[in-house]
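All chains are named by letter (A, B, ...) in the order of the sequence lines, taking the proteins before the strands, and each is independently numbered beginning at 1. No experiment lies behind these values; they were computed from the predicted model shown.
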Protein chains: 2
Amino acid sequence: MATIRDVAKLADVSVSTVSLALSNPGRVSQKTLEKIRSAVAAVGYVADPLAQSLARGRSKMIGLVVGNVGNPFFGDIRRELENYALEHEHFVLITDSSGKPEREQALVEHLIGLKIAGLALAPSSFGADYVKFVESIKVPMVCFDQKVAGIERDFVGSDNYLAGAMLTEHLLQLGHRRIAFIAGPQHMHTASERYRGFMETMASAGVEVNPNYVVDGQFTRSAGYEAAMRLLIQPERPTAILGANNAVALAALQAMQELGFNCPGDISLCMIDDVQWSNVITPRITMVVQDTLKLGGIIARRLLQRITSSDAAAEPAQDFVLSPKFVPGNSCRRV
Amino acid sequence: MATIRDVAKLADVSVSTVSLALSNPGRVSQKTLEKIRSAVAAVGYVADPLAQSLARGRSKMIGLVVGNVGNPFFGDIRRELENYALEHEHFVLITDSSGKPEREQALVEHLIGLKIAGLALAPSSFGADYVKFVESIKVPMVCFDQKVAGIERDFVGSDNYLAGAMLTEHLLQLGHRRIAFIAGPQHMHTASERYRGFMETMASAGVEVNPNYVVDGQFTRSAGYEAAMRLLIQPERPTAILGANNAVALAALQAMQELGFNCPGDISLCMIDDVQWSNVITPRITMVVQDTLKLGGIIARRLLQRITSSDAAAEPAQDFVLSPKFVPGNSCRRV
DNA sequence: GATGAAAATCGAACCGGTTCGATAGTCCGG
DNA sequence: CCGGACTATCGAACCGGTTCGATTTTCATC
C-alpha cells in the first residue's frame with residue numbers, strides 16, 4: 001500500500017503539502033496540485049482512513065444502533081440513512097443490541113472508540129442511569145423511535161398517542177364496545193402513548209374499559225400470545241382486540257386461529273405497525289403504520305446537518321413527530 | 001481521555017513497559033505489573049482501539065456484509081456471529097449492500113481500510129471480475145449462502161439441490177403431475193441448484209415438465225408476482241406451484257388470493273425458506289427451511305478459527321453444506 | 001566476587017496521516 | 001527600490017499506541 005510519503009517523494013514536495021493539497025486543493029498552486037495528482041495516480045495512493053481518524057480525532061463513519069435489525073421498521077430507516085450518508089461521503093456501521101441495554105452501551109462505547117462522526121440511536125432503555133449514559137455521549141446524535149424522558153437530544157418518531165386513538169376510534173365507529181387492548185411495556189414511551197391513546201379515546205366516547213380487557217403483551221410474540229389467550233378464555237369475550245404492536249397482534253391472530261375463532265367473524269383485530277408480507281396474511285389486518293421512509297429521511301438529514309455544520313451542531317435538541325397512517329384491512333367487522 | 005503516557009508517568013515506568021504489561025502481563029515483574037495496574041485504574045485508562053489498530057495493522061472488528069439485513073435468514077447468522085465474536089473479544093460491524101455488487105465492493109474496501117480482523121460475506125454477484133475481487137481480499141474470510149464458482153474460500157451453506165428435490169418429491173407423492181416452478185436468477189448458485197433439484201426429481205419420476213410451467217421469479221416479490229400470474233392464466237393450470245424462495249412463493253399466494261383461487265383447494269403451494277410470521281399465514285405453507293442457527297454457528301467458529309489461529313488460517317478452503325429440513329404445512333393437498 | 005545467561009525495562013522508530021507555526025517566494029503600491 | 005501583505009511550501013510535533021533491538025538488572029553458578 002502506498003503511503004502519503006511515497007506520493008510526496010514522487011511529486012517532489014513535502015508530506016504536509018500533499019496532505020494539504022488532498023484535503024484542500026484550493027490552497028496549493030495549480031502546478032503542484034497537478035504534480036501531486038499524477039503522483040497519487042501513479043502510485044495508486046488511497047489515504048488510510050484509520051490514520052486519518054487518529055490524526056483528526058474523528059472518522060467518516062456513522063453508527064446506527066438498533067434493537068433488532070431484522071425488524072422491517074428499521075429497514076427503511078437504515079436504507080435512508082445509508083443512502084444519505086453515502087451522498088455525504090459517510091459510511092454507516094450497523095450494530096444490533098438485541099434490545100439489551102448493557103450490550104447497547106458496550107456497542108455505543110465501541111463506536112465512540114472508533115471516533116464515529118455521528119450516532120443514530122434507537123434507545124432500548126430508560127431511567128436515570130440510562131439518561132445519564134446517553135447524555136454523556138458527546139458525538140452528534142439523533143435518537144429515534146423511542147422517546148426517553150429526560151434525554152436532551154434530537155428525537156424523531158411517530159405520534160403514538162394518535163396511533164392508538166385512531167384504531168380505537170375506528171373500532172368504536174364500527175359499533176364495538178367490548179374492546180380489548182394488548183399493551184406493551186409501559187416504561188416504553190411508544191407503549192404508554194399508545195395505551196393512553198386507547199384509554200382516552202374510550203373515555204371520551206363514554207365507553208368504560210373492562211379491566212380484564214387490558215392485558216400486557218410486552219411487545220413480544222410470546223407474551224402477546226399468552227395475553228391473547230387470557231382474553232380469549234374469558235366468558236364474556238371482547239368483540240375486538242387492538243394490538244399495541246405488530247408482534248402482539250399477530251400472536252393474537254395465531255391464538256384465535258388455534259382456538260378456532262374466526263377473525264373478523266367472531267372477533268375483530270387491528271394493530272399498530274406493519275409487518276412484511278402482511279398482505280398475504282388472512283384476514284388482511286387493519287392497521288396504523290408509521291411513515292418509516294420519511295422518518296429515515298429526517299433522521300439522516302438531521303444527523304448529517306449536525307455532523308457537517310457547526311451551526312446546526314449548536315442548535316438545541318428538537319423533536320420531529322410524524323403522524324401515522326391508517327391502512328384499512330378486512331379484519332374488523334361492524335357489530 | 002487518559003493516554004498510555006499518563007499511565008507510564010504515574011507508574012514511573014516507560015511507555016513501552018506499560019504497553020508490554022497490558023498486552024502480555026507475564027513478561028513483566030509482579031511489582032511493576034501491580035504499579036501499572038493501579039496507575040491504569042487511577043487515571044481510568046482505556047486503550048484507544050484506533051491507535052492500536054493503526055500500530056498493529058489489524059483491529060478487533062469483524063465485518064459482516066449481507067444483501068439485506070432485514071431478511072430473517074440473516075438474523076440468526078448475525079446473532080450467532082455476534083455472540084461468538086463477543087466471547088472472543090471481537091466486535092461485529094454489519095453492512096448492507098442492498099444486493100448491489102458495486103456497493104458491496106465499496107463496503108468491503110471500506111471495511112478492509114478499517115483493518116478488520118475477518119470478513120463474513122454473503123456474495124451478491126458472480127463471474128470472473130467478481131471472483132477476482134473476492135480473491136483479492138487478503139483478510140481471513142468465510143463466504144456463506146451463495147456458493148460462487150471459482151472462489152477459493154471457506155463456504156457455508158445449505159444443500160439447495162436437496163431442498164428443491166425434497167419439495168418436488170413431496171408434491172409427486174401427493175399425486176401431483178402438473179407442477180410449476182417459479183425459479184430464481186439462474187446465475188445464482190442457490191437458484192440453479194434448486195432448479196436442478198426440481199428438474200432431476202421430476203425426470204427420475206418420469207414426469208415431463210411442461211415448459212410453460214417453469215417461470216422466472218428472480219427471487220423477488222414483484223417478479224414472482226408476475227411469474228405467478230403467468231402461471232395462473234394458463235388454460236391448463238398447474239395443480240401445484242413450487243416457489244424457489246419465500247418471496248416468489250408468497251407473491252404467488254397473493255396472486256392466487258387476488259384471482260380468487262383457493263390454496264390448497266385449487267392449487268397447492270410450497271416454498272424454500274421460511275419467513276417471519278409464516279404460521280399466521282393461511283394456509284400454513286409447506287416448506288423446506290435452512291438451519292440458520294447452525295449455519296451461523298459454523299460461520300462464526302470457522303471465521304474465528306482463521307482469525308485467531310495461524311494454523312487454521314493456512315488451511316485450504318473448505319465447504320460446509322448442511323441439509324435443509326422439511327416443515328409440513330397445509331398448503332398442499334393430495335390429488 | 002567475578003561471570004554469564006536470563007529476565008526486566010527502556011528508547012527509539014514506526015504505523016500513516018494532520019496541523020500549525022515558520023520560512024521562502026511573489027506581487028503590489030508608494 | 002523598499003516595505004508590507006499575501007501565497008505557497010515546508011518541518012516538526014502530534015494523534016496514541018506497538019515493537020524490536022539495546023541496555024540494565026537480577027540471579028544462579030563457579
Can you tell me how far [atom2] of [N] sits from [atom1] of [X], to the nearest Å?
X	N	atom1	atom2	answer
A:Ile4	D:dG11	CD1	P	14 Å
A:Leu54	D:dA13	CG	P	18 Å
A:Asp12	D:dA8	CG	P	18 Å
A:Met1	C:dG16	CE	P	10 Å
A:Leu50	D:dG16	CG	P	14 Å
A:Lys115	C:dG17	NZ	P	17 Å

- Query: Between A:Phe74 and A:Leu64, is any pair of side-chain heavy atoms under 4.5 Å apart?
  - Reply: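 Contact flag for A:Phe74/A:Leu64 side chains = no.
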
- Task: Inspect the surroundings of CD in A:Glu87 and state if more than 12 heavy atoms from other residues, nucleotides or ligands are less than 6.0 Å away.
- Result: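 Yes, CD of A:Glu87 has more than 12 neighbouring heavy atoms, counting only those of other groups under 6.0 Å.
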
- Query: Under 6.0 Å from the CZ atom of A:Arg103, do we count more than 12 heavy atoms belonging to anything else shown?
  - Reply: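 Yes, because the 6.0 Å sphere around CZ of A:Arg103 holds more than 12 heavy atoms from other groups.
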
- Query: Should the ring pair A:His187 and A:Phe126 be called parallel, tilted or perpendicular, given that the plane angle runs from 0 to 90° and is split at 30 and 60?
  - Reply: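 The rings of A:His187 and A:Phe126 lie parallel, inter-plane angle below 30°.
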
- Establish, with yes or no, whether the OP1 or OP2 oxygen of D:dT18 is under 4.0 angstrom from a side-chain nitrogen or oxygen of B:Gln52.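 Answer is yes, contact under 4.0 Å.
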
- Query: Would you say a side-chain N or O of B:Tyr45 is under 4.0 Å from OP1 or OP2 of D:dG17?
  - Reply: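 For D:dG17, OP1/OP2 do have a side-chain N/O of B:Tyr45 under 4.0 Å.
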
Contacts under 3.5 Å, N or O only, protein and nucleotides 20-22 of chain C:
none

Select one nucleotide: of [options], the one nearest the side-chain heavy atoms of [X].
X	options	value
A:Val13	D:dC15, D:dC10, D:dT18	D:dC10
B:Arg56	D:dG17, C:dG11, D:dT18	D:dT18
A:Thr3	D:dG16, D:dC10, C:dG17	C:dG17
A:Ser14	C:dC10, C:dG17, D:dG11	D:dG11

Between the main-chain N or O of [Y] and the side-chain N or O of [X], is there a donor-acceptor pair closer than 3.5 Å?
X	Y	value
A:Arg306	A:Glu315	yes
B:Lys138	B:Ser136	yes
B:Asn71	B:Asn68	no
A:Ser59	A:Lys115	yes
A:Thr17	A:Val13	no
A:Asp154	A:Gln318	yes

- Message: Once you apply a heavy-atom cut-off of 4.0 Å, does B:Val15 come out as touching a base, just sugar-phosphate, or nothing?
- Response: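 Base contact.
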
- Message: Counting only heavy atoms and a strict 4.0 angstrom limit, can you tell me which residues of residues 18-36 of chain A come near DNA chain C?
- Response: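 Of all residues in residues 18-36 of chain A, the ones placing a heavy atom under 4.0 Å from DNA chain C are A:Ser19.
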
- Query: Among side-chain atoms of B:Tyr130 and B:Glu135, is any donor-acceptor pair under 3.5 angstrom?
  - Reply: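 B:Glu135 and B:Tyr130 do not have a side-chain donor-acceptor pair below 3.5 Å.
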
- Message: Does B:Phe219 form a side-chain contact (heavy atoms from CB on, under 4.5 Å) with B:Thr190? I'd like the steps, not just the answer.
- Response: CA-CA 10 Å; B:Phe219 274 177; B:Thr190 50; 3.6 Å; yes

- Message: How bent is the helix from C:dG1-D:dC30 to C:dG30-D:dC1, measuring the angle between the end axes built from five pairs each, rounded to 10°?
- Response: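 Answer rounded to 10°: the end axes differ by 50°.
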
